[in-house]
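Here the structure is laid out as structure tokens; the discussion comes afterwards.
Note: hydrogens, waters and symmetry copies are ignored here, and every other heavy atom, side chains too, is used. First the proteins, then the strands, lettered A, B, ... as listed; each starts at 1.
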Number of protein chains: 2
Amino acid sequence: MLTIPDFIDACREKGLNVTYQRIMIYKSLLRTNNHPTAEAIYHDVKAEYPSISLATVYKTLETLAEHDLIGKVTPLHDLARYDGDTQQHHHLVCLNCRKIMDIHDEQLNQLNLPRKNGFHISSYRIQFEGLCDDCQHRSNGRLKTAGGKEQTTFCGKGA
Amino acid sequence: MLTIPDFIDACREKGLNVTYQRIMIYKSLLRTNNHPTAEAIYHDVKAEYPSISLATVYKTLETLAEHDLIGKVTPLHDLARYDGDTQQHHHLVCLNCRKIMDIHDEQLNQLNLPRKNGFHISSYRIQFEGLCDDCQHRSNGRLKTAGGKEQTTFCGKGA
DNA sequence: CTTATTGCAAATAATTTGCACCAGC
DNA sequence: GCTGGTGCAAATTATTTGCAATAAG
């Protein structure tokens, strides 16, 4: 979490114009610990700057996330995806083709659970992110590593 | 992943009617390793059973997931949520009120990465799921632990 | 026979897009 | 002044819902 002056510098370094809206949106994220939705940020910012538009909030959040100035809590957010396997296991997610592979690994199922504020943990899942073999090799530079939503193909099935 | 006869028994045990559609959908999940979307399953099943409807696929997947006969890859799927913090960290997700809390824990940042099929892992995130303190105590039996999408409130902010 | 489930069509909700105007540099 | 960013309204996409017809137990 950067201070506002640092955020402004960071925008400049990345070639992003520094606008009032971007600053307001970043400030809104700074002041909540909520992991807010676009709507929530929109309402929050609107209180101080009523002319902001929801579309701007969406666009800004995407832009900032692409430039790693903020994070997106759920990278696979666009489509609900299901899994026949109900055992505890973990996932490898290809950031390019969005293929998901299963990881069954006993060691990863034995983590020491963190403790925080009386939260009662009943399970956990780990999402490993990166590039699958196909996308490292076959993709001829047409990668989109920034967590966006570009491809629809899942690299086929079994193969 | 159950065999079809076991799936049928499991449905009966849970009081779910065993329908042709449910079996086809489950079979489709069995035969792919794709973590498919509802659309993908719809197309797959439609090939063998053209009269199936997309709404049925959505309903069936939700039903099976609620009864733990299948899993949902992304439990926080319904809304995109953002985070001002770009350091590696992990999340506690309350399955009831959908509040998300941050976990910064050095040990959790040092996992041994699994290896699989040439996949190149660049980062990972752990999502711990359970009930926050508020929801364990204050909620008077009105819990919805089955990964559904019920509440809209995020239990307020700082508090 | 009774209730749960299906399938259709219409509704809703989240997010994206096109485009004209405006602001940052 | 040039280019990227904003705001509006309309479009798109995923998902849900109401309801009558049908199948499961």
Side-chain angles (χ1 to χ4, degrees), chain A residues 7-26 36-43 45-46 48-67 69 72-82 98 144 147-152, chain B residues 7-26 36-43 45-46 48-67 69 72-82 98 144 147-152:
Chain A
F7 172 72
I8 291 173
D9 289 348
C11 284
R12 295 224 164 94
E13 274 166 35
K14 311 233 177 193
L16 295 174
N17 278 359
V18 177
T19 66
Y20 191 58
Q21 291 86 337
R22 285 176 178 168
I23 292 173
M24 295 304 274
I25 288 168
Y26 192 78
T37 64
E39 272 286 329
I41 292 170
Y42 171 63
H43 286 305
V45 171
K46 207 174 171 62
E48 292 175 72
Y49 184 60
S51 69
I52 199 162
S53 122
L54 182 54
T56 299
V57 174
Y58 274 104
K59 285 172 191 163
T60 300
L61 289 170
E62 269 323 296
T63 304
L64 298 182
E66 269 166 31
H67 291 265
L69 292 166
K72 201 168 182 174
V73 174
T74 97
L76 280 178
H77 149 76
D78 47 334
L79 294 169
R81 294 176 66 172
Y82 296 86
R98 299 178 155 256
K144 169 105 168 38
K149 54 183 62 172
E150 179 163 274
Q151 301 231 174
T152 321
Chain B
F7 172 71
I8 291 174
D9 288 347
C11 284
R12 295 224 164 95
E13 273 166 35
K14 311 232 179 196
L16 295 174
N17 278 357
V18 177
T19 66
Y20 190 58
Q21 291 87 335
R22 283 177 180 166
I23 292 173
M24 295 305 275
I25 288 169
Y26 191 77
T37 64
E39 272 287 328
I41 292 170
Y42 172 62
H43 286 306
V45 172
K46 209 175 170 60
E48 293 175 70
Y49 184 59
S51 68
I52 197 161
S53 124
L54 182 55
T56 298
V57 174
Y58 274 104
K59 285 172 191 164
T60 300
L61 290 169
E62 269 323 298
T63 304
L64 297 182
E66 269 166 31
H67 291 265
L69 291 166
K72 201 168 181 173
V73 174
T74 97
L76 280 178
H77 149 76
D78 46 335
L79 294 168
R81 295 177 66 172
Y82 296 87
R98 299 179 156 258
K144 170 105 166 45
K149 53 182 62 171
E150 178 163 272
Q151 301 233 171
T152 321

[X] [atom1] to [N] [atom2], straight-line distance once rounded to whole Å:
X	N	atom1	atom2	value
B:Arg22	C:dG7	CZ	C1'	14 Å
B:Tyr42	D:dA14	OH	C1'	14 Å
B:Glu62	C:dT5	CD	P	14 Å
A:Lys72	C:dA14	NZ	P	15 Å
B:Leu61	D:dT16	CG	P	10 Å
B:Tyr82	C:dA14	OH	C1'	11 Å
B:Tyr20	D:dG25	OH	P	15 Å
B:Lys46	C:dT6	NZ	P	15 Å

So, for [X] and [Y], which heavy atoms are closest and what is the spacing to 0.1 Å?
X	Y	result
B:Val57	B:Ala38	CG1-O, 3.6 Å
A:Phe7	A:Leu64	CZ-CD2, 4.0 Å
A:Arg81	A:Arg98	NH1-O, 2.9 Å
A:Tyr42	A:Leu54	CE1-N, 3.4 Å

Give B:Thr60 one of three labels, base, sugar-phosphate or nothing, depending on what nucleic acid heavy atoms sit under 4.0 Å from its own.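 Counting heavy atoms under 4.0 Å across all strands, the contact made by B:Thr60 is with sugar-phosphate only.
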At 4.0 Å (heavy atoms only), tell me whether B:Thr19 reaches a base, stays on the sugar-phosphate, or touches nothing.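 Answer is sugar-phosphate: B:Thr19 comes under 4.0 Å of backbone atoms only.
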Name the residue closer to the 5' end of DNA chain C, choosing between B:Ala80 and B:Tyr49 according to the nucleotide with the nearest heavy atom.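 By nearest-heavy-atom nucleotide position, the 5'-most residue is B:Tyr49.
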Assuming nearest nucleotide by heavy-atom distance, tell me which of A:Glu39 and B:Thr63 is located more 5' along DNA chain C.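 This one resolves to B:Thr63.
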Which nucleotide, [options], lies nearest any side-chain atom of [X]?
X	options	value
A:Arg12	C:dC25, D:dG7, D:dG5	C:dC25
A:Ser51	C:dT5, D:dG7, C:dT15	D:dG7
B:Tyr58	C:dT17, D:dA14, C:dT15	D:dA14
A:Asn17	C:dC25, D:dT15, C:dG18	C:dC25
A:Ala55	D:dA9, C:dT6, C:dT15	D:dA9
B:Lys59	C:dT6, C:dT5, C:dC25	C:dT6

May I ask you to evaluate whether B:Gln21 reaches the phosphate of C:dG7, defined as a side-chain N or O under 4.0 Å from OP1 or OP2?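 So the side chain of B:Gln21 is within the cut-off, an N or O lying under 4.0 Å from OP1 or OP2 of C:dG7.
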Is the shortest side-chain N/O distance from B:Ser53 to OP1 or OP2 of C:dT6 below 4.0 Å?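 So the side chain of B:Ser53 is outside the cut-off, no N or O lying under 4.0 Å from OP1 or OP2 of C:dT6.
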Are the side chains of B:Ile25 and B:Ile52 in touch, meaning some heavy atoms are under 4.5 Å apart?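 Result yes, sub-4.5 Å side-chain heavy-atom pair found.
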